[in-house]
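Contents: one structure, followed by commentary.
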Amino acid sequence: MTVENLSEVLEVRRNKLKKLQAEGKNPFEQTSYDVSVHAKTVEEAFETYEEQPVSMAGRIMSKRGQGKVSFYDLQDSTGRIQLFLKKDALPDQYDEIKTYDIGDIVGIKGEVFKTHMGQISVRVKELTLLSKSLQILPEKYHGLKDMDLRYRQRYVDLIVNPEVKEVFLKRSLIMKKIREFFDTHDFIEVETPVLSNLAGGANARPFGTHHNALDIPLYLRIALELPLKRLIVGGFDKVYEVSRVFRNEGMDATHNPEFTLLESYEAYANYEDVMEMVEELYSFLAKEVNGSEIVAYGEEEISLAIPFRKARMVDLVKEYAKVDFDAITDVEVAKSAAKELHVDVKDKNSVGEIMTEVFDEYVEDKLIQPIFVTMHPVETSPLAKKDPKDPRYTERFELYINGAECANAFSELNDPIDQKERFMSQVQKKTDGDEEAHPFDADFINALEVGLPPTGGLGIGIDRLMMLFTNQHSIRDVILFPTMKPIE
RNA sequence: GCUCCUUUAGCUCAGUUGGCUAGAGCACCUGACUCUUAAUCAGGGUGUCCAGGGUUCGAAUCCCUGAAGGGGCACCA
């Protein structure tokens, strides 16, 4: 840091620090502090701790002075507790302690008691400044409201907005429960490369980077799918991975450029088996995390009780848009039907893609309660097995809750010849300018030639799942450090 | 990408029709106070009014350009 033009309030704090350091009391020299109990524990079991000695540490969040007696609120990782500071009990320290600021981190020793007003407090006998805060925390009553600042300085957001911390504590619990679910279902958790020569397994533009030693381009993965299926080929029957993927596209309330994806693959299972597992997972999480199968989300009450509704995509389109795509085999007929519905399908040239477009426009946002949408057109499902009864469709489902896609699963395509043809048609799309089409992955074809057992695969956008269970309406509120434009 | 709104003290916000030295609460500084809890009382304003141009005797305010954020639309799973 060079010479800064500091405002007076900041200058005051630096001067306080310099004074302490000049007196040989450098607060940044502290390396540890013995913490015997946390605020929440004392609050919940006051009788146990009453008049017992405690040693605690945390941040000063407010000060109420009254001459030779002061009340400070100490905030630790679990909550707040009031400190009772009396000059008689701290004869040498009291005057200096009064100069400590909101934001400073202190350690205290004393006894738990209740004030005349019935407030649980610690009668402080010894107080140590463990770290001096040189910045001013936001105002105690209104807090930090500026969304930009809250994301950029999440550490401040977490200090002054306790409900934000709750969301991320819950996120951690949900992650644990998800792992518990897959572990108890005999899946093994694996890790596959983030960097690869080909970014496949989904329709999305990848982020590119460069490896210096090999002098080759590398891409950040956009999905976990292809390496995981190679592991099924290799003989692991049940695998899952929960990890970050990266997609180089726009950002909004439900899209962050990096997000957490869960994918699982189970040999000798089809998409209907996966469907049952997904129902079980959501209902398990609801019960474990929220204590009820009814989850409140905004104005809605979502019931995650088993079973969820199931419907073919074609039938939902028929129900909401009054068009029966089952009866349409000609692209031009499909196009004029879409035009009638005011759906733009200029760059689409298959019945399946057009139906999907109509679905997105007319059906998607109406699917509030959980529903498995099944049988997606083969054109939009390049990695899924065709339905043997009607090869226009695939053995696939997407779970919709609250009008948003929450899970995507299918009976994995394991016919290497068919897979090769579908890759070829994706490559054609890419040449035609679709930057999100899948690349040709020759090694993956080789793996299928070696032999992939019948397999049911699943993908769940974990951040959107977190939004549902924590009742948050922006993906940025369930990601600790969402992607931000740099300042300047 | 389009569009509407916002940007003033560390934080939350006022600021009239363009008019004296730019305001309030919290925070902070000085002092008083031995059970307060959005403590109270007395005194103190600590500011690149988002940035850069322009109009004007005079701009936080009006005009232009740009930046950042939020909402809506589009794109996108």
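In what follows, every chain begins at residue 1, and chains take the letters A, B, ... in the order their sequences are listed.
Taking the charged nitrogens against the carboxylate oxygens, A/Lys310 and A/Glu279 do have a contact shorter than 4.0 Å, which makes a salt bridge.
At the heavy-atom level, A/Gln153 lies nowhere under 4.0 Å from the strands shown. Using a 4.0 Å heavy-atom criterion, one finds that A/Gly461 contacts no nucleic acid atom at all. As judged by a 4.0 angstrom heavy-atom cut-off over every strand, A/Asp146 is placed among residues touching the sugar-phosphate backbone only. Using a 4.0 Å heavy-atom distance criterion, A/Leu149 is classed as a sugar-phosphate-only contact. Residue contacts for A/Tyr94: at a heavy-atom cut-off of 4.0 Å it reaches no nucleic acid atom on any strand shown. Across all strands shown, A/Lys86 has heavy atoms under 4.0 Å from base atoms, whether or not it also approaches the sugar-phosphate. No engagement by A/Arg464 is indicated, since no non-hydrogen atom pair under 4.0 Å with the nucleic acid exists. Using a 4.0 Å heavy-atom distance criterion, A/Arg247 is classed as a sugar-phosphate-only contact.
Of the inter-residue distances, the one linking A/Glu357 atom CD with A/Thr380 atom OG1 reads 10.5 Å to the nearest 0.5 angstrom.
At B/rA39, one or more side-chain N or O atoms of A/Arg64 fall inside 4.0 Å of OP1 or OP2 (strictly under the cut-off). Look at A/Lys16 and you'll find a side-chain N or O under 4.0 angstrom from OP1 or OP2 of B/rC29. A close approach under 4.0 Å does not occur between any side-chain nitrogen or oxygen of A/Arg13 and OP1 or OP2 of B/rG10.
With hydrogens and angles ignored, a donor-acceptor pair under 3.5 angstrom links the side chain of A/His255 to the base of B/rC76. The base of B/rU36 is paired with the side chain of A/Gln82 by a donor and an acceptor separated by under 3.5 Å.
The listed nucleotides are B/rC33, B/rG70, B/rC35; the one nearest the side chain of A/His116 is B/rC35. Considering only side-chain atoms of A/Asp148, the nucleotide from B/rC28, B/rU37, B/rA68 that sits closest is B/rA68. Among the nucleotides B/rC26, B/rC29, B/rU37, the one closest to any side-chain atom of A/Lys140 is B/rC26. With B/rG10, B/rC28, B/rC35 as the candidates, the nucleotide lying closest to the side chain of A/Gln66 is B/rC35. Residue A/Lys68 places its side chain closer to B/rU34 than to any other of B/rU34, B/rC29, B/rC11. Candidate nucleotides B/rC26, B/rU36, B/rC75 were compared by shortest atom distance to the side chain of A/Asp252, and B/rC75 ranks first. Checking B/rC76, B/rU37, B/rC33 against the side-chain heavy atoms of A/Glu436 singles out B/rC76 as nearest. For A/Val9, the side-chain atoms get nearest to B/rU46 when compared with the rest of B/rU46, B/rU12, B/rC35. Candidate nucleotides B/rC11, B/rC28, B/rA68 were compared by shortest atom distance to the side chain of A/Arg152, and B/rA68 ranks first.
Cation-pi geometry between A/Lys63 and A/Phe71 is not satisfied (NZ or CZ under 6.0 Å from the ring centre, within 45° of the ring normal).
Side-chain rings of A/Tyr297 and A/His473 approach one another, their centers coming within less than 6.0 Å.
With hydrogens and angles left out, the side-chain atoms of A/Asp104 and A/Ser133 include no donor and acceptor closer than 3.5 Å.
For A/Met424, the CE atom sits in a loose shell: 12 or fewer heavy atoms of surrounding residues, nucleotides or ligands are nearer than 6.0 Å.
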